[in-house]
Amino acid sequence: MTRHEQREDEVRRMLETAHPQVPGDLAARAVERGTRLLHRDRVVRRALWVVLTAVVIAFVVWASVAEPWEVPSTETTPPLEGW
């Protein structure tokens, strides 16, 4: 008997046995779980958007204060006055 035939026989034996009973509230439980998962995903997505927005705002504030695009001053000592 080949491996393929063994698998076929195993599937046939499984299909010939009595099928288990399905709970009557299975659909309601599935809908409830799906609703919870969708709600959790929505909350996580909103939290990520809030974090991303905060990061962008923090970056814009830092960039406007630090002005990293400007060339730093070449003066290393203060100008001499009064000599």
Subject >> side-chain hydrogen bond (donor to acceptor under 3.5 Å, both in side chains) partners of Glu8, counting only residues at least two apart >> reply: His4
**OP:** Return the set of residues passing side-chain contact (heavy atoms from CB on, under 4.5 Å) with Arg7 (not counting sequence neighbours), or none when no residue passes.
**Re:** Arg3
**OP:** Work out which heavy atom in Met14 is nearest to a heavy atom in Thr17; give both atom names and the distance.
**Re:** O-OG1, 2.8 Å
Give every donor-acceptor pair under 3.5 Å between a side-chain atom in residues 49-72 and any protein atom, sequence neighbours left out.
residue : atom : partner : partner atom : Å
Thr53   : OG1  : Trp49   : O            : 2.7
Ser64   : OG   : Val60   : O            : 3.3
Ser64   : OG   : Val61   : O            : 2.8

Only pairs under 3.5 Å count here: list side-chain donor-acceptor contacts from residues 38-48, not counting sequence neighbours, and write none if there are none.
none

**OP:** List for me each residue that meets side-chain contact (heavy atoms from CB on, under 4.5 Å) alongside Ala28, sequence neighbours excluded, and say none if there are none.
**Re:** none
Original post:
Arg29: what forms a side-chain contact (heavy atoms from CB on, under 4.5 Å) with it, not counting sequence neighbours?
Top reply: Pro23, Asp25, Leu26
